[in-house]
Student: 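If you scroll down you'll find the structure; I have some questions about it.
The analysis underlying the following values was restricted to heavy atoms, covering all of them including side chains, and did not include hydrogens, waters or symmetry mates.
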Protein chains: 2
Amino acid sequence: MSLSIGQVAERTGLSVHALRFYEKEGILANQVHRGPGGRRVYTQQDVDWLRMCIMLRMSGMPVPEIRRYTELVRQGDGNELQRLDILKEHQERVRQQMAQLQECMDLITYKVGKYEDYINSIASKAVGQ
Amino acid sequence: MSLSIGQVAERTGLSVHALRFYEKEGILANQVHRGPGGRRVYTQQDVDWLRMCIMLRMSGMPVPEIRRYTELVRQGDGNELQRLDILKEHQERVRQQMAQLQECMDLITYKVGKYEDYINSIASKAVGQ
DNA sequence: TCTTGACCTAGAGGCGACTCTAGTTCCTAG
DNA sequence: CTAGGAACTAGAGTCGCCTCTAGGTCAAGA
């Protein structure tokens, strides 16, 4: 089953622009081949790969590092240790990010609580209690 | 106790440049007054405020929204509901961000596991098992 | 035949958040 | 008196990641 760039955009949530950009940046495990009129033809595998890349991006992996990873995958067997390294390093970064975010969340939740209390105290005064 | 911009940079982790930038962007609850020679003089309160702003930024609140919040605080009492709104909205965004990050983390952890298994299987073949 | 709409390329533009430059001023120590 | 170092301003530059533009091809439907 082959897909047009528009269909891939639909099912990945990326824009058509972004898809071409990602391709130019070397972020596709097997290069997209072309149909009549030079149009890109994608496969389900491409979509799956893109979905993983989206996960990596969402969690803050920079485009050049996704490219490095992609290149390793393209090269084929033999470099699994290097791929693992990239993933583990990123995993650690994500872990830190989450910890940081949790810290922020705690502060925000604390502040929200404070403001809610304050507003409630005002409201109950207003009705004379 | 008053602090120079350099000292504030040290204790917040922001660069001197970033501090001036934040000030220009209206992200200081009470405006910094100036000492001899037009130099900025900060107080501990400023540092505390900045630390909170750093938390907000780290968790992805855009500068304009921090400015809005800051303005409300500067205006003083009476707009607590609006402040609460901003905080709650942001809290929700952070929650979503964390969920997303967790999803990414799960995928990455799954992949790391796969690669580790594969590498171990290769390694044990290599020693003849 | 004409129009519409999806696609193509190369390259410019935009946005958010800093970061840095250039040219000064000012204080302190040698 | 001079050299350093920290501060000042306004504004330009950078970086990452897209996003959009201009100008074009192509196939299908009215």
Student: Of the options dA6(C), dT9(D), dA7(D), whose atoms approach the side-chain atoms of Arg34(B) most closely?
Tutor: dT9(D)
Student: Between C1' on dC15(C) and NE2 on His17(A), what's the gap in Å once rounded to a whole number?
Tutor: 16 Å
Student: What integer distance in Å separates Glu23(A):CD from dA10(C):C1'?
Tutor: 14 Å
Student: I'd like to know if Glu65(B) pairs up with Arg93(B) as an ion pair, taking the criterion as any Lys NZ or Arg NE/NH1/NH2 lying under 4.0 Å from an Asp or Glu carboxylate oxygen.
Tutor: yes
Student: Between atom CZ in Arg67(B) and atom C1' in dG16(C), what is the gap in whole Å?
Tutor: 12 Å
Student: In whole angstrom, what separates Ile5(B)'s CD1 from dT19(C)'s C1'?
Tutor: 13 Å
Student: On the nucleotide dC18(C), are OP1 or OP2 found under 4.0 Å from the side-chain N or O atoms that Ser15(B) carries?
Tutor: no
Student: Tell me whether the side-chain N/O atoms of Ser4(B) come closer than 4.0 Å to OP1 or OP2 in dA7(D).
Tutor: yes
Student: Let's see if you can work this out: which of dC8(C), dC20(C), dC18(D) has an atom nearest to the side-chain heavy atoms of Val63(A)?
Tutor: dC18(D)
Student: Hey, does the side chain of Tyr22(B) come within less than 4.0 Å of dA17(C)'s phosphate (OP1/OP2), counting only N and O?
Tutor: no
Student: Rounded to whole angstroms, how far apart are CD on Glu25(A) and C1' on dG11(C)?
Tutor: 14 Å
Student: Any sub-3.5 Å donor-acceptor pair from Asp46(B)'s side-chain atoms to Thr43(B)'s backbone N or O?
Tutor: yes
Student: Met98(A) versus Met98(B): any side-chain heavy-atom pair under 4.5 Å?
Tutor: no
Student: Using atom types as modelled, flag every donor-acceptor pair under 3.5 Å from a side chain in residues 19-28 of chain A to any protein atom, sequence neighbours excluded.
Tutor:
unit_1, atom_1, unit_2, atom_2, d
Glu23(A), OE1, Arg40(A), NE, 2.5
Glu23(A), OE2, Arg34(A), NH2, 3.4
Glu25(A), OE1, Arg67(A), NH1, 3.1

Student: Over how many whole Å does the gap from Arg40(A) atom CZ to dA6(C) atom C1' extend?
Tutor: 13 Å
Student: What integer distance in Å separates Glu65(B):CD from dA17(C):P?
Tutor: 11 Å
Student: Does some side-chain heavy atom of Ile108(B) sit less than 4.5 Å from a side-chain heavy atom of Ser59(A)?
Tutor: yes
Student: Could you give the CG-to-P distance, from Leu19(A) to dC17(D), as a whole number of Å?
Tutor: 16 Å
Student: Base, sugar-phosphate, or nothing for Pro36(B), non-hydrogen atoms under 4.0 angstrom?
Tutor: nothing
Student: Taking only the side-chain nitrogens and oxygens of Arg20(A), find out if one of them lies under 4.0 Å from OP1 or OP2 of dC20(D).
Tutor: no
Student: Using a 4.0 Å heavy-atom cut-off, does Pro62(A) contact any base of the nucleic acid, only the sugar-phosphate backbone, or nothing at all?
Tutor: sugar-phosphate
Student: Please determine, for the side chain of Phe21(B), which listed nucleotide (dA17(C), dG11(D), dC17(D)) has the closest atom?
Tutor: dA17(C)
Student: 5'-most contact on DNA chain C: Gly37(B) or Lys24(A), nearest heavy atom basis?
Tutor: Lys24(A)
Student: What's the closest nucleotide to the side chain of Arg39(B) if the choices are dA6(D), dT21(D), dC18(C)?
Tutor: dA6(D)
